[in-house]
Amino acid sequence: MLKSHSCGELNPKQVGERVALAGWVHRRRDHGSLIFVDLRDREGIVQVVFNPAQFPQALAVAREVRPEYVLAVKGRVMRRPPGTENPNLATGEVEVLAEECQILNTCPTPPFPINEETEVDEPLRLRYRYLDLRRQRMKENLILRHRVVKFIRDFLDARGFIEVETPILIKSTPEGARDYLVPSRVHPGKFYALPQSPQQLKQILMVAGIEKYFQIARCFRDEDQRADRQPEFTQLDLEMSFVDEEDILALTEEMFTFLVETATPSLRVIKPFPRLTYAEAMERYGTDKPDLRFGLELGDLTEVVATSDFGPFQQARAKGIVKGFCAPSCGNYSRKQIDELAELAKGYGAAGLITIALAGEGKPEDMGQVRSLAAKYLTLEQVKGIAERVGAKGGDLILIVAGQPGVVNGALSQLRLEMARRLHMADADLLAFAFVTGFPLLEWSAEEGRWQSMHHPFTAPLEEDIPLLDTDPQLARARHYDLVCNGYELSSCSIRIHSRPLQERIFGLLGYTGEEIEERFGTILEALEYGAPPHGGIAPGIDRIVMLLAGEQTIREVIAFPKNQSAVDMMMQAPSPVSPTQLEELHLMLRPIERTEREPE
RNA sequence: GGCCCCGUGGUGUAGCGGACUAACAUGCCACCCUGUCACGGUGGAGAUCAGGGGUUCGAAUCCCCUCGGGGUCGCCA
């Protein structure tokens, strides 16, 4: 070991000791003959002094070093001369007087600064991820992630869970996202799939009598990327036997509460986690994953404006709804600001945005206090009714969207987030966890002309709703809850189906023939026959949790080596072409692609 | 596949039709400096303004296309 201590751990207790340090040059301050080097390792930074009078050879080496050179330094820990302590540095009371110094490696001028927290173009960071990860913020994120995963393992271990690994090469099944496929060399024409989640395997582990299982599981989905979606991501996959919804929710709530208190004590959670139904969430927030750190609740205005002659309201009366919410103290918004909001709404499919700005104090007293394009189609009574439903008073701006329920809720939920951003209403130190309950089991896919699982096809329906499967499938409620936090869906949890006949019935509803069911889901159906216990579980996304705890805007910031929006690894340059030999071994032939067609012969 | 935003020395930004021979900060190089800690001082190098085409007397600036990147809709059981 080249080090006796880490740079960051030095303090006055070691004064007088001779230490061996190794690390990277964080910064060098050259005073002509006297040179200071801030030496950095994972644990922190310490100042190393090179003094010509005492150790001229060490100083000669220090003259040559540049930022990010790798040094081995031997020297004595000294208390800093009075008045030269640095309170901004954890090790600021001491310094190391260098006696020997060796350059272990050099470094070109880095493509971006390692020793300061400037914003750098993300592609450049991803290309040189090993340099990016040296920076303080990324290092902290990786350490936080480690602490989160460690906490989860300890927490679940203490409660009798065992961690079981499941295969990465599994069988492709329909439903859900596009699979990543791996061709088989020994079975020409056949493919493995990478797991979208270990869903069926963990259920089979319940049949196997594991009772309490968890896994920090890598999952793969070949869909387009988002700030909170990567082609591969990590879930805490968890399943328990002989439980009902309350058991899982209680465990989840306890785990996340303790997690925050342990890993990020500067953040707060609301205890107990609020619960709201899917219908309630849609009604009040227009989304099933509301950010509950602020109000700005939506009000239904359909009835209030039913008698108005305003075109959009009239159309909504026929086959839609009218909803809105109040942006406090935004009554002075300019035409330009309102146009921006309208553009945002249109981006989410709304035909337009109707705004009502209220002047004065309290309730409007005459139409002169009402500024709106719709003003001449509204009576004072109607405006008062609208203001009341959205809680608006003088000085506020009311944002209203009319149309199909899906569009109205979609646009307003986004406008709600936008206004919260503009008004700085979201407390950055608050993690507003909540459970959303009462999801429908199925939703009709107009595109595919069949029923689809809202969650996944293994979700159990409520016992009393099972008869509805034959009559009104859309009314059947699922034993399924979502865990949301600050506007992100962290996890779905559900009680699974543990009876073969019911599971087959669901597959049938989803439009599969008996043969397809047998071919695609035969294994789990057979397993359910062999004494499958009642069971259920959750699968929270680790990346999103760590992102929220770290206060980051994308999960890429908490993944060591993420891919970009086009699913490209910019450091390793994956994906990449493979050799004809490899293709041949895998019994694969490539279809010509456009780009090669265009290339000259 | 659609929509929106971004691309100017190594990095981060300014400039948004003429005074641009492209500015500022930082970094880099050289020299000076024994108590700094974002050390300081002096000097210097470094940019075909992402690429291509167009409009114009004149384009970093306006328009079009392409490329790269980000956000988002669709998609993501």
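In what follows, chains carry the letters A, B, and so on, assigned in the order in which the sequence lines appear, proteins first and then strands, with residues in each chain numbered from 1. In what follows, every heavy atom counts, from backbone to side chain, and hydrogens, waters and symmetry copies are set aside.
Checking B:C73, B:G71, B:C75 against the side-chain heavy atoms of A:Glu223 singles out B:C75 as nearest. Closest to the side chain of A:Met570, from the set B:C28, B:U36, B:G69, is B:G69. Comparing B:G70, B:U34, B:G27 by their closest approach to the side chain of A:Ala53 singles out B:U34. Relative to the side chain of A:Thr84, the nucleotides B:G74, B:U36, B:C76 differ in distance, and B:U36 lies closest. With distances taken from any side-chain atom of A:Pro113 to the nucleotides B:U11, B:U26, B:C28, the minimum falls on B:U11. Picking from B:C37, B:U72, B:G70 the nucleotide with the shortest atom distance to the side chain of A:Glu122 gives B:G70. Comparing B:G12, B:G71, B:U34 against the side chain of A:Ser33 picks out B:U34 as the nearest. Of the candidates B:G35, B:C29, B:U11, the closest approach to any side-chain atom of A:Leu34 belongs to B:G35. Distances from the side chain of A:Asn564 to the nucleotides B:C76, B:G70, B:U11 place B:G70 closest.
Note: CG (A:Leu97) to P (B:U34) measures 17 Å, nearest angstrom. If you measure from atom CG of A:Asn88 to atom P of B:C39, you get 12 Å, rounded to the nearest angstrom. At whole-Å resolution of the value, CZ in A:Phe50 and C1' in B:U36 are 14 Å apart. For A:Arg229 and B:G70, the CZ to C1' distance is 15 Å, given to the nearest whole Å. Between the CZ atom of A:Phe112 and the C1' atom of B:G69 there is a distance of 16 Å, rounded to whole Å. Between A:Ile114 atom CD1 and B:G12 atom C1' the separation is 15 Å, expressed in whole Å. Remark: P of B:C37 and CG of A:Leu39 are 19 Å apart, rounded to the nearest angstrom. For A:Asn86 and B:U36, the CG to P distance is 11 Å, given to the nearest whole Å.
No engagement by A:Gln225 is indicated, since no non-hydrogen atom pair under 4.0 Å with the nucleic acid exists. Contacts of A:Ser453 with the nucleic acid, taken as non-hydrogen atoms under 4.0 Å apart, involve only primed sugar atoms and P, OP1 or OP2. Residue A:Pro81 is in base contact, counting any heavy-atom pair closer than 4.0 Å across all strands shown. Contacts of A:Arg226 with the nucleic acid, taken as non-hydrogen atoms under 4.0 Å apart, include base atoms. Heavy atoms of A:Glu119 sit under 4.0 angstrom from primed sugar atoms or phosphate atoms, though from no base atom. Using a 4.0 Å heavy-atom criterion, one finds that A:Glu85 contacts the bases of the nucleic acid, with or without backbone contacts as well. At a threshold of 4.0 angstrom between heavy atoms, the contacts of A:Asp30 include nucleobase atoms, whether or not backbone atoms are also involved. Within 4.0 Å (heavy atoms only), A:Pro67 reaches sugar-phosphate atoms of the nucleic acid but no base atom. A:Ile35 comes within contact range of no nucleotide atom at all, as no heavy-atom separation falls under 4.0 Å. Using a 4.0 Å heavy-atom distance criterion, A:Pro457 is classed as a base contact. Nucleic acid contact for A:Arg27: sugar-phosphate only, since backbone atoms but no base atoms lie under 4.0 Å from a heavy atom of the residue. Using a 4.0 Å heavy-atom distance criterion, A:Ser197 is classed as a base contact. At a threshold of 4.0 angstrom between heavy atoms, the contacts of A:Phe458 with the nucleic acid are absent. Using a 4.0 Å heavy-atom cutoff across all strands shown, A:Gln196 reaches no nucleic acid atom at all.
Annotation: of the two residues near RNA chain B, A:Gln199 and A:Pro110, the 5′-most nearest-nucleotide partner is A:Pro110. Annotation: of the two residues near RNA chain B, A:Arg221 and A:Thr109, the 5′-most nearest-nucleotide partner is A:Thr109.
A distance of about 33 Å separates the P atoms of B:A50 and B:G74, rounded to the whole Å. Nucleotides B:G12 and B:G27 have their C1' atoms positioned 10 Å apart, rounded to a whole Å. On the C1' atoms, B:C4 is 22 Å away from B:G51, given to the nearest whole Å.
Side chain A:Arg125 to base B:U11: no donor-acceptor pair is found below 3.5 Å. A:Asp121 contributes no side-chain N or O that forms a donor-acceptor pair with the base of B:G70 under 3.5 Å. For B:U36, the base has a donor-acceptor partner in the side chain of A:Gln47 [N/O atoms by modelled type, under 3.5 angstrom]. One can find a donor-acceptor pair under 3.5 Å joining the base of B:G35 and the side-chain atoms of A:Glu95. Side-chain N/O atoms of A:Arg29 and base N/O atoms of B:C33 include no donor-acceptor pair closer than 3.5 Å.
Stacking here means ring centres nearer than 5.5 Å and ring planes tilted less than 30 degrees, and by that measure A:His31 does not stack onto B:U36. Aromatic stacking of A:Phe36 on B:U36: satisfied, with centres closer than 5.5 Å and planes within an angle under 30 degrees.
Among residue pairs with one or both ends in residues 30-67 of chain A, those qualifying as ring-ring contact (aromatic ring centres under 6.0 Å, His included) are A:His31-A:Phe36; sequence neighbours excluded.
Taking a 6.0 Å sphere around CD of A:Glu116, one finds it holds more than 12 heavy atoms contributed by other residues, nucleotides or ligands. Around atom CZ of A:Arg42, no more than 12 heavy atoms belonging to other residues, nucleotides or ligands sit under 6.0 Å away.
Using bins of under 30°, 30° to 60° and over 60° for the plane-to-plane angle, the ring pair A:Phe439/A:Tyr278 lands in the tilted bin. Ring pair A:Phe521/A:Phe507 is parallel by interplanar angle, where below 30° counts as parallel and above 60° as perpendicular. Aromatic ring orientation, A:His456 versus A:Phe458: tilted (interplanar angle from 30° to 60°).
The phosphate of B:C29 (OP1 or OP2) has a side-chain N or O of A:Arg66 nearer than 4.0 angstrom. Distances shorter than 4.0 Å separate none of the side-chain N or O atoms of A:Arg556 from OP1 or OP2 on B:G69.
Pairing partner, B:G68: B:C6, with both Watson-Crick or wobble hydrogen-bond distances short of 3.5 Å. Across all strands shown, B:G12 is found opposite B:C24 as a Watson-Crick or G-U wobble partner, with both distances under 3.5 Å.
The shortest non-hydrogen separation linking A:Glu64 to A:Tyr69 is O-CE2, 3.6 Å. The two atoms that bring A:Ile248 and A:Gly537 nearest to each other are CD1-N, 3.4 Å, heavy atoms only.
For the residue pair A:Glu418 and A:Gln414, no side-chain donor N or O sits within less than 3.5 Å of a side-chain acceptor on the partner.
Under the 4.5 Å side-chain criterion, counting only non-hydrogen atoms from C-beta, A:Gln452 is in contact with A:Arg450.
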